[in-house]
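Just so you know, residue 1 is the first one in the sequence shown, and it goes up from there.
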Amino acid sequence: MSNIIDIGIDLKQQYQIYVGQHLGEDFKAFCKGRYPSAKAFVIIDENVYQLHEERVKTLMDFFDEVHFLTVPQGETSKSVKLWHRFVNEILEIGLERSTPIIGIGGGVTGDLAGFVAATVLRGVPLVHVPTTLLAMVDSSIGGKTGVNHSTGKNLIGSFYQPDAVFADIAFLETLEESEWITGMAEILKYAAIRNPKLFGELDELVHQPLTPKSRWADVIEESARIKSDIVQEDTLEAGKRAYLNFGHTFGHALEKVSGYGAITHGEAVFVGMIAATYFSDQLDHPVDDTRFSPFLALYKKQMSPLSANAEELIEAMKSDKKVKNNIIRLVLLNDWGSPYLYSCEQRALLEESWSYTLKKFNQ
Ligand SMILES: NC(=O)c1ccc[n+]([C@@H]2O[C@H](COP(=O)([O-])OP(=O)(O)OC[C@H]3O[C@@H](n4cnc5c(N)ncnc54)[C@H](O)[C@@H]3O)[C@@H](O)[C@H]2O)c1
C-alpha cells in the first residue's frame, strides 16, 4: 500500500496592465519598487529598437547595466535556435534570480522573451512592453509563452505570467497599416464574444487615419480588460479560455493550408470569424456577418485571393488543439456577446460555411 501526500499549489498571481501614452514614469516607478537588481536584459524587436531607440533607452535608464538582445523581425524568430542563443548570452553575462527580462516588441518578441524568462534559472521576472496592436490587446496578456517547432506553431512553451504589462500607445505611431488591421481582428473577436459595442467604436476609428489617439487607448484598455477577465476565469485553458479562440479553428486551418506567413494571423482570424458566424446563423442563432461588413474591404485590400478549398481546410481543422476523439470543436455564438463550445459532427455544414466564406473573400 502506498502513502499519499496531498499538495495544493495556488496558481493565483496578480499583475497590472498599464495602458496609456508615454508611460515612462510609471514604468520607472514600478521597476524601482520591484527590482533590487541594477541589471536588466531587454529582448527587443529589431524594428522597434531602430524606430524607438531614444524612447527605449530613456525607459531603461533606471537600470545601471542594460543588455539589449535584438530579435530579427518575423515569425521565424520564434525558434529554439534564438531561444538557445539568448539563454547562452544571458547566462554567460550572468544574472540573479531577481534580474528582470523585459520584452519589447510584438507577439513574436513577447512570446520568445517570455519563454526565455520562464526557463532561465527556472524563471526570472518578466515585464512585457507590447508595441503592436495585437500584442497590446492579446499576446502580452495571459502568460502564454513559447517558440515554434518544424511540426507546428507554439508547440514548445509554458504558461508564465509577467510582473506587469506596459502598453504605451506612443509606440503605435510607427506601426504599419497592415499591422493595425491584423491586430484589429482580435478586438473584433472581443466585440463578438463579450462586448458588441466595440464594433461601433472600431467602425468609427478605422475610417480615420490610423494614429494612436486616446480613443484607441480606450479600445485597447477595454480589450485588455476582456482578455484578462476571461484568462482569470480559466488560467490554464481548461474551459472558458477557449472562447478566445472564436474564429481561430477556421483561421488556423487557413494559416496552415496557405503556408505560415502567406496570410497573417489576424487576417486568418477575421476570415475564420465570418465562417464561425455563418455556422452559428445556420444553427438559428440570431447572428449574421453584417457586423463584420464595415471591415471586410480593409482585409480584402491587403490579402491575396484565397486559393484553399473547403475539403483541405476541413482536414486541417482536424489538427486543432480543441479536437477531442476526432471531433472538431468550434466556438460559436448563441448571440452577440454569448459564445459557447460546440462539438461539430456536420461535415456538410462545415463545407457550406467554408464555401460561403471563400466566395465572400474571392468575389
Ligand atoms: N501569447 C499569446 O497569447 C499570443 C496571442 C496571440 C498571438 N500570439 C503570437 O503573436 C505573434 C504575432 O504578433 P504580432 O502580430 O505582434 O507580430 P510581430 O511580433 O511579428 O510584429 C509584426 C511586425 O511589426 C513590427 N513592429 C512591432 N512593433 C512595431 C512598432 N511599434 N512600429 C513599427 N513596427 C513594429 C515587427 O518588427 C514586425 O515586423 C505570433 O507569433 C502569434 O503566435 C501570441
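Residues E186 and R194 are not paired through a salt bridge, judged by the lack of any N-O separation under 4.0 Å between the basic side chain and the carboxylate. With respect to the salt-bridge test (charged N to carboxylate O, under 4.0 angstrom), the residues D111 and K144 do not qualify. Under the 4.0 Å criterion applied to side-chain N and carboxylate O atoms, R55 and D168 are not assigned as salt-bridge partners. Between E201 and R215 there is a salt bridge, since at least one side-chain N of the basic residue sits less than 4.0 Å from a carboxylate O of the acidic one. Ionic pairing of R347 and E311 is present here: one or more N-O contacts between side-chain nitrogen and carboxylate oxygen are shorter than 4.0 angstrom. A salt bridge links E177 to K301: one of the charged nitrogens lies within less than 4.0 Å of a carboxylate oxygen.
Two residues are said to be in side-chain contact when any heavy atoms from C-beta on lie closer than 4.5 Å; L198 and V219 meet this criterion. Between F68 and V56, some side-chain heavy-atom pair lies under the 4.5 Å cut-off. Contact of the F279 side chain with the L283 side chain is registered, since non-hydrogen atoms from C-beta on lie closer than 4.5 Å. Counting only heavy atoms from C-beta outward, the side chains of L133 and E179 never approach each other to under 4.5 Å. F30 places a side-chain heavy atom less than 4.5 Å from the side chain of V127. The side-chain heavy atoms of L188 and R291, taken from C-beta on, include no pair separated by under 4.5 Å. In this structure, the side chains of I90 and L69 come closer than 4.5 Å at one or more pairs of heavy atoms. Between V71 and I44 there is no side-chain heavy-atom pair separated by less than 4.5 Å.
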Dump the intermediate steps for side-chain contact (heavy atoms from CB on, under 4.5 Å) on T264 and Y299, then the final yes or no. CA-CA 11 Å; T264 71; Y299 284 87; over 6 Å; no
I'd like to know whether F86 forms a side-chain contact (heavy atoms from CB on, under 4.5 Å) with F41, so could you lay out the CA-CA distance, the side-chain angles of the two residues, the decisive distance to 0.1 Å, and finally the verdict. CA-CA 10 Å; F86 285 175; F41 289 90; over 6 Å; no
Would D163 and R34 count as a salt bridge (Lys or Arg N to Asp or Glu O under 4.0 Å) if you check the C-alpha gap in whole Å, the side-chain angles of each, and the deciding distance to 0.1 Å? CA-CA 9 Å; D163 284 352; R34 192 85 177 213; 3.5 Å; yes
Go through S79 and L82 one step at a time and tell me if the side-chain contact (heavy atoms from CB on, under 4.5 Å) criterion holds. CA-CA 5 Å; S79 64; L82 201 56; 3.6 Å; yes
Criterion side-chain contact (heavy atoms from CB on, under 4.5 Å) on Q232 and K227, from CA distance to verdict: CA-CA 9 Å; Q232 277 179 77; K227 170 123 192 208; over 6 Å; no
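With hydrogens and angles left out, the side-chain atoms of H265 and E75 include no donor and acceptor closer than 3.5 Å. Remark: the H285 side chain and the D281 side chain contain no N/O donor-acceptor pair separated by less than 3.5 Å. A donor atom on one side chain and an acceptor atom on the other are found under 3.5 Å apart for T119 and W83. Side-chain N/O atoms of K189 and N245 include no donor and acceptor closer than 3.5 Å. With no hydrogens or angles considered, no side-chain donor-acceptor pair links Y15 and H128 at under 3.5 Å.
With a 6.0 Å radius and a threshold of 12 heavy atoms from other residues, nucleotides or ligands, Q208 has its CD atom above the threshold. Other residues, nucleotides and ligands contribute at most 12 non-hydrogen atoms within 6.0 Å of the CD atom of E176. For K197, the NZ atom sits in a loose shell: 12 or fewer heavy atoms of surrounding residues, nucleotides or ligands are nearer than 6.0 Å. Heavy atoms of other residues, nucleotides or ligands lying less than 6.0 angstrom from CD of Q282 number more than 12.
The ring of F62 has its center no closer than 6.0 angstrom to the ring center of Y35. The six-membered or imidazole ring of F171 lies near that of H52, with a centre-to-centre distance under 6.0 Å.
When the options W354, Y278, F270, Y356 are evaluated for a ring pair (Phe, Tyr, Trp, His ring centres under 6.0 Å) with F250, the one that passes is W354.
In this structure H67 satisfies the side-chain hydrogen bond (donor to acceptor under 3.5 Å, both in side chains) test together with E65, sequence neighbours excluded.
With rounding to the nearest 0.5 Å, the separation of SG in C31 from CE in M60 is 6.5 Å.
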